[in-house]
There are 2 protein chains.
Amino acid sequence: MSLSRLIVASSYRAYPSRVPKLWRDTIAAHRREVRDAVLDATARLAGQHGVLNVTMSQIAEDVGIGRATLYKYFASVEEILQTWHERQISDHLQLLTEIAERDAPQEARLVEVLGAYAQIQRQRTDHAAHPHGSELAALLHHDAQVAPAERRLRDLVGALLADAAAAGAVRDDVPPDELASFCLHALGAAASTTSDAAVQRLVRLTLEGLQRPRQDPATAGT
Amino acid sequence: MSLSRLIVASSYRAYPSRVPKLWRDTIAAHRREVRDAVLDATARLAGQHGVLNVTMSQIAEDVGIGRATLYKYFASVEEILQTWHERQISDHLQLLTEIAERDAPQEARLVEVLGAYAQIQRQRTDHAAHPHGSELAALLHHDAQVAPAERRLRDLVGALLADAAAAGAVRDDVPPDELASFCLHALGAAASTTSDAAVQRLVRLTLEGLQRPRQDPATAGT
DNA sequence: TCTTTGCGATACATTGTGTCGCTGTCAAGA
DNA sequence: TCTTGACAGCGACACAATGTATCGCAAAGA
């Protein structure tokens, strides 16, 4: 008995400062902190070793809590990742909402929100969304560069666009490969559409984005 | 000895027809078939139980081979999924290449390739790419609907676009939520950009796609 | 001071992971 | 015809990860 007590006591001593000393604040606050620590640790581990290689054991050790304790917070790695993902988007959403509510001319608000969103996307080059289905590759081999086949896909479209630009059919103020990336991403929206008509509108939308802009780029210039 | 021989023999009998009888064709062909069967089974299991819950054991059983044998083909679930993903894109690429090489007017080829790509995206509503980072959610809970926060994000942008459309600043021939989806996807391309200038061009590109189209939608009309 | 509350840890049974070594089949050459 | 090298396949073993059941202990309130 005294032995186990000793062991427990020493293991408490061994705690890093990551997790609050226990009942340091109210229990609710404590739980929230542990929860967040778990989310952070999991994101870090996922980025480091790849999503598929993150284990509950690793997470628990990294956070500095017992593995069984972790199960009192989350039932699985999957659930943790989902929660983390939700938190990410919520954060983005909050930021963008603030921007949208600034008192600025209506058009300017749209421009600023979209600009901010683009910056957010740019930031997280890890866990990045790639052209069309690449979430798999992106998540599976964390650090990996774009899959070769994917690159060839972009090259194919890029070549078509370069030809079209040379013929004057599409704008030439943006490099063809950027146009290609734009197209492939934009058309990725087709995955979440319901009707065929919506897909057609999407394609039209994308194609018209490739056109040379009108003389008056008032909205776009900001 | 005779016992083990018997066991082996009977286990051969027990084989389902999925995997060819062994040396039925050349070894290379056989291996290719097994490989493909593994890829198919894995994709199916991933779609069914979620990517994180696919195990080598399951795959082996599903294909009808021993688990140890599976390891002679692939070292990990991750490797299988990557290979599957590469195969998918390669298939898409081949289809699109064929379309691109048809003898048609240059502009029409671009339109057709992009249209075909949109259709491909539309098909695979499972394993789908969602707006911006949703690959996580999309893959983690296979059947799940879009994460709530994500929907709110689209709603936010959709509302801004609706206002702008009412004010005549953006086109009104496409529903605002479709425009929002288009924007978010298109800006997702920012994740793979390198320079700030490229991000700015991307934002401009996206914004100009929201403008009312010009009188002459020659290219777009096809 | 003593009870209540609920967090955290140890322990255990189950399932999954890599790997090793053996068996059996085929094709080629003695 | 018989031997031999190459190679696919499987069983089994040692170890890691997973969930769960049970216990001990710290803090808050009477």
Side-chain angles (χ1 to χ4, degrees), chain A residues 1-16 18-35 37-38 42 45 49-80, chain B residues 1-16 18-35 37-38 42 45 49-80:
Chain A
M1 177 73 90
S2 61
L3 176 62
S4 78
R5 186 174 294 194
L6 191 70
I7 290 171
V8 169
S10 72
S11 77
Y12 271 178
R13 294 273 175 286
Y15 264 42
R18 311 192 57 137
V19 172
K21 265 291 186 281
L22 195 57
W23 282 279
R24 188 182 68 183
D25 297 316
T26 87
I27 294 180
H30 166 68
R31 279 192 73 86
R32 199 163 29 241
E33 284 180 47
V34 173
R35 237 181 87 96
V38 168
T42 304
L45 288 171
H49 307 302
V51 183
L52 290 186
N53 299 319
V54 183
T55 67
M56 293 293 265
S57 308
Q58 275 184 327
I59 297 170
E61 189 179 4
D62 197 276
V63 174
I65 61 177
R67 198 173 54 81
T69 304
L70 179 54
Y71 278 95
K72 295 209 172 171
Y73 287 83
F74 297 98
S76 64
V77 175
E78 184 164 333
E79 192 183 306
I80 300 178
Chain B
M1 178 72 90
S2 61
L3 176 61
S4 78
R5 185 174 296 196
L6 192 68
I7 290 172
V8 169
S10 72
S11 76
Y12 272 358
R13 294 273 175 285
Y15 263 43
R18 309 191 59 135
V19 172
K21 268 290 187 281
L22 195 57
W23 283 282
R24 187 180 70 183
D25 298 318
T26 87
I27 295 182
H30 166 68
R31 280 190 71 88
R32 198 161 32 240
E33 283 180 48
V34 174
R35 239 180 84 98
V38 168
T42 304
L45 288 171
H49 307 302
V51 183
L52 291 186
N53 300 317
V54 183
T55 66
M56 293 293 266
S57 307
Q58 275 184 327
I59 296 168
E61 188 179 3
D62 196 276
V63 173
I65 61 177
R67 198 172 56 82
T69 305
L70 179 54
Y71 278 95
K72 294 209 171 172
Y73 286 83
F74 297 98
S76 64
V77 176
E78 185 165 332
E79 190 182 307
I80 301 177

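Below, chain A is the first sequence line, B the second, and so on; all start at residue 1. Basis for what follows: all heavy atoms, side chains included, without hydrogens, waters or symmetry-related copies.
- Rounded to whole Å, atom P of D:dA27 lies 17 Å from atom CZ of A:Arg31.
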Please list each protein N or O that sits under 3.5 Å from an N or O in nucleotides 14-18 of chain C, with the distance.
| residue | atom | partner | partner atom | Å |
| --- | --- | --- | --- | --- |
| C:dT17 | OP2 | B:Met56 | N | 3.2 |
| C:dT17 | OP2 | B:Ser57 | N | 3.2 |
| C:dT17 | OP2 | B:Ser57 | OG | 3.1 |
| C:dT17 | O4 | B:Arg67 | NH2 | 3.4 |
| C:dG18 | OP2 | B:Tyr71 | OH | 3.2 |
| C:dG18 | N7 | B:Arg67 | NH1 | 3.0 |
| C:dG18 | N7 | B:Arg67 | NH2 | 3.4 |
| C:dG18 | O6 | B:Arg67 | NH2 | 2.6 |

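- At D:dA8, none of the side-chain N or O atoms of B:Thr69 fall inside 4.0 Å of OP1 or OP2 (strictly under the cut-off).
- Taking atom CZ of residue B:Arg35 and atom P of nucleotide D:dA8, one finds them 13 Å apart after rounding to whole Å.
- Listed here is the closest heavy atom pair of A:Leu52 and B:Leu52: CD2-CD2, 3.1 Å.
- Not one side-chain nitrogen or oxygen of A:Tyr73 sits closer than 4.0 Å to the OP1 or OP2 atom of C:dC7.
- When all heavy atoms of A:Val38 and A:Val63 are compared, the pair lying nearest together is CA-CG2, 3.8 Å.
- Rounded to the nearest 0.5 Å, atoms CZ (A:Arg67) and OG (A:Ser57) are 5.0 Å apart.
- The CG-P distance, from A:Leu70 to C:dC7, rounds to 14 Å in whole Å.
- In terms of heavy atoms, A:Thr42 sits closest to A:Ile80 at OG1-CG2, 3.3 Å.
- Atom CD in A:Glu61 sits roughly 16 Å away from atom C1' in D:dT18 (whole-Å rounding).
- Minimum heavy-atom separation, A:His49 to A:Gln58: CD2-NE2, 3.9 Å.
- Shown here is B:Glu79, whose CD atom has more than 12 heavy atoms of other residues, nucleotides or ligands within 6.0 Å.
- When distances run from any side-chain atom of B:Ala68 to the nucleotides D:dC10, D:dA8, C:dG8, the shortest one goes to D:dC10.
- Following rounding to the nearest Å, A:Asp62 (CG) and D:dA17 (P) show an atom-to-atom distance of 14 Å.
- Checked by distance alone, B:Lys72 brings a side-chain donor or acceptor within 3.5 Å of a matching partner on the base of D:dG9.
- Within the 4.0 Å cut-off from OP1 or OP2 of C:dG8, at least one side-chain nitrogen or oxygen of A:His30 is found.
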